[in-house]
Amino acid sequence: MAYLERVNSPKDVKKLNLNELNELCEEIRELMINVVSQNGGHLASNLGAVELTVALHKVFNSPNDQIVFDVGHQSYTHKILTGRKEDFATLRTEGGISGFTRRDESAHDIFSSGHSSTSVSSALGLAKAKSIKGEKGKVIAIIGDGALTGGLAYEALNNNESNNLIVILNDNNMSISQNVGTMAKNLTNIRTSPKYFTFKSRVTRHIAKIPKLGSQINRFITMVNTKIRKRVYKNTFFEDLGFRYYGPIDGHDLDALIDAFKVAKAHNHSVLIHINTVKGKGYEFAEKNPSLFHGIGKFNIETGEPISSGDTFSSIFGSTLLNFAQKDSRICAVTAAMSTGTGLVEFSNTYPQRFFDVGIAEQHAVTFSGGLARGGMLPFFAVYSTFLQRAYDQIIHDVSMQGLKVVFCIDRAGFVGEDGESHQGLFDTAFLMSVPDLAVYSPAYFDELSSMMYQAAYKEKNAVAIRYSRGKEGYRPEGYEYQKEDFSIIGNPEAEKCIVTYGREFSECAKALEELENTYLIKINKIKPLDKAVIDAAANAKAVFFFEEGIRSGGVGEIFGSMLKEKNAECDYCHIAVDDEFVKQAPVTSQLKKYGLDSESVIRKVKDYE
């Protein structure tokens, strides 16, 4: 780590020559692989963005030049180069640095992120703010090709009206423009040469001084240049939107990247630089299987094999849906660029005509699913809880209001652990509870998920959401079996104290119940609409405790408490949930404990009641 030891800030990057920078890139890759193998994280995308990020900090002056990473999952090199090298071993750990950009972590993290397709919009706003205030400096948005499947990115590109905005398109999966051949590459090499740019600027200035004819000559030269570029590049989409387009450029060629960035920095015009990178660059297993190493847990560096294995809620969802599809030709699977994460890879291979990966476009996915349903199909949209937030209007307007049968299978509900604030699945209950004609189920175990999927597909009339947690099952009390009812009671319903919960939190409450006296437990399986009988089952208790792995405001527990009040129940009511804050990264066990939702906290809360 000879060169990495010398880099403690972006200023140190500028002191290194080209050979030293290339060595630095390899040292950064080694550090990344070691840390992510221990902590988990987004490896493939970060390995592909090493040279890109090093070149950025070689040319630009962060944070005066403001760098915005789309999603933030490819910002590891940026973190290492901006004073967080010594803390990098704490990546994604409790109290450590985030796996995404965070404003409160560094002045170099201009915008907190975690969701896709937002960088150009935020960068354009930053660029406009600089212009209004008369501040110098560029704003650089780095966006991956996958993020260009999100409509927000196009809205921002279409709104481009800035002379200090640079967009870097990191094309690491598909070619956005057609293969433009040798002539286009040679033209790009010429146009990104600082010497050529300086020469062109001088010539333009001298011609402009020619009396009467100068401006006309320059306009004619610009017109000719534009026509040549259109003939050579074939695809002028970005130039038609008002950008100076440069590319494609080898995203692992530091010399070419530095030249291109210098030219972009000198421009008094918005610029888009299109670079080609390899996901997983420098680590054989990640290059061969970038999907697996996109977001991975702990793994063995020597073999590339994940350390954790076995069934998860995601895999059970995928196998169950595959079984349904074998018997019902109406079954379709829809996902928004998350086929691996949601367990749909085998479905996609077995039934390609009924599998739809729409890209990072959750709004479109929901409305598209509505169209499938209207056309007589039975679509299951598999989506992470945190990403379904982006499609709230479409759930209301294009599915529920239409009375259409779409099944929303909501993965990563509740705490998600080390992914942190931007990925917590704590808000879905609050916004789903407000949607008319939408049923919501919440399984605690694998068999319940499969059964609820069947109920959703064949017993419910309208749209259904099934929310389930990340990873494996929790503790299951001996003798417990799912009865396919809206709720179930464990213990003596004549007891003085009543615990109410749903989903994964049932495991914690069930463990606690074994240590409590004069207490019974209600497990809600169908959380919307709430069966009035479940209110009756709790109303006779002296004290009711609702433990909820979700946001308090608008959550199930708030509605449950309101229904108790309407019934004029004479019990004391206590609602334990996450209260008006964003939950930081930590292991799920730690998050449960912090918010009073682990079994020990449940025991204390109930025992403390007098």
Side-chain angles (χ1 to χ4, degrees), residues 1-60 62 67 69 72-92 97 99 101 108 142 144 168 170-173 248-262 273 275-290 292-296 298-305:
M1 298 290 176
Y3 296 103
L4 192 55
E5 288 178 1
R6 293 161 52 182
V7 175
N8 297 301
S9 75
K11 290 181 181 179
D12 297 323
V13 177
K14 300 180 190 305
K15 299 174 185 176
L16 302 180
N17 62 37
L18 188 62
N19 289 333
E20 292 171 331
L21 290 174
N22 278 309
E23 291 292 335
L24 174 66
C25 290
E26 296 311 307
E27 292 178 7
I28 289 172
R29 282 194 170 90
E30 183 180 346
L31 175 61
M32 271 187 204
I33 293 167
N34 284 329
V35 171
V36 176
S37 72
Q38 295 298 315
N39 299 1
H42 292 87
L43 186 60
S45 53
N46 278 289
L47 290 174
V50 175
E51 286 84 4
L52 157 63
T53 312
V54 168
L56 278 173
H57 284 294
K58 175 71 173 177
V59 174
F60 295 98
S62 176
I67 302 172
F69 286 87
H73 70 312
Q74 54 184 339
S75 64
Y76 291 3
T77 301
H78 170 75
K79 287 174 180 281
I80 292 168
L81 299 179
T82 53
R84 287 165 279 182
K85 175 184 63 180
E86 301 302 325
D87 295 327
F88 194 68
T90 71
L91 181 76
R92 291 168 44 86
I97 63 173
T101 51
H108 297 276
I142 299 102
I168 298 174
N170 180 9
D171 182 351
N172 57 23
N173 189 33
I249 294 169
D250 182 351
H252 302 296
D253 183 339
L254 271 173
D255 199 16
L257 288 170
I258 290 169
D259 281 351
F261 293 166
K262 284 180 178 178
I273 302 174
I275 70 171
N276 292 128
T277 61
V278 176
K279 275 186 129 179
K281 177 74 172 178
Y283 183 53
E284 179 184 6
F285 301 109
E287 286 190 38
K288 288 182 177 178
N289 195 348
L292 174 64
F293 284 88
H294 171 73
I296 190 168
K298 296 179 181 181
F299 64 93
N300 185 310
I301 294 177
E302 300 300 322
T303 65
E305 291 294 322

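The figures here come from the full heavy-atom set of this structure, side chains too, leaving out hydrogens, waters and symmetry mates.
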Original post:
Less than 6.0 Å separating the ring centroids of Phe293 and Tyr283?
Top reply: yes
**OP:** Give a yes or no on whether the backbone of Ile275 and the side-chain of Asp250 come within a donor-acceptor separation of less than 3.5 Å.
**Re:** no
Subject >> Set of ring pair (Phe, Tyr, Trp, His ring centres under 6.0 Å) partners for Tyr3, sequence neighbours left out >> reply: none
Original post:
Only one of Thr53, Asn8, Leu21 forms a side chain to side chain contact (heavy atoms under 4.5 Å, CB included) with Val13, so which one is it?
Top reply: Leu21
Subject >> CG-CG distance between Asp259 and Leu254, expressed to the nearest 0.5 angstrom >> reply: 11.0 Å
**OP:** Starting from the C-alpha separation in whole Å, work towards a yes-or-no answer on side chain to side chain contact (heavy atoms under 4.5 Å, CB included) for Glu305 and Phe285.
**Re:** CA-CA 9 Å; Glu305 291 294 322; Phe285 301 109; over 6 Å; no
Subject >> Side chain His78, main chain His108, donor-acceptor under 3.5 Å >> reply: yes
Subject >> Carboxylate-amine/guanidinium contact Arg29 Glu51, below 4.0 Å >> reply: yes
Original post:
Between Thr90 and Ile97, is there a donor-acceptor pair closer than 3.5 Å when you use the side chain of the first and the backbone of the second?
Top reply: yes
Original post:
Heavy-atom count around Lys14 NZ within 6.0 Å, excluding the residue itself: above 12?
Top reply: yes
Original post:
Glu20: what forms a salt bridge (charged side-chain N to carboxylate O under 4.0 Å, His left out) with it, not counting sequence neighbours?
Top reply: Arg6
Subject >> Sidechain N-carboxylate O distance under 4.0 Å for Lys15, Asp12 >> reply: yes
Subject >> Nearest-0.5 Å distance that lies between atom CG in Leu4 and atom CG in Leu81 >> reply: 8.0 Å
**OP:** In sequence, state the C-alpha distance, the side-chain angles, and the governing distance for Glu5 and Glu27, and then conclude on side chain to side chain contact (heavy atoms under 4.5 Å, CB included).
**Re:** CA-CA 10 Å; Glu5 288 178 1; Glu27 292 178 7; over 6 Å; no
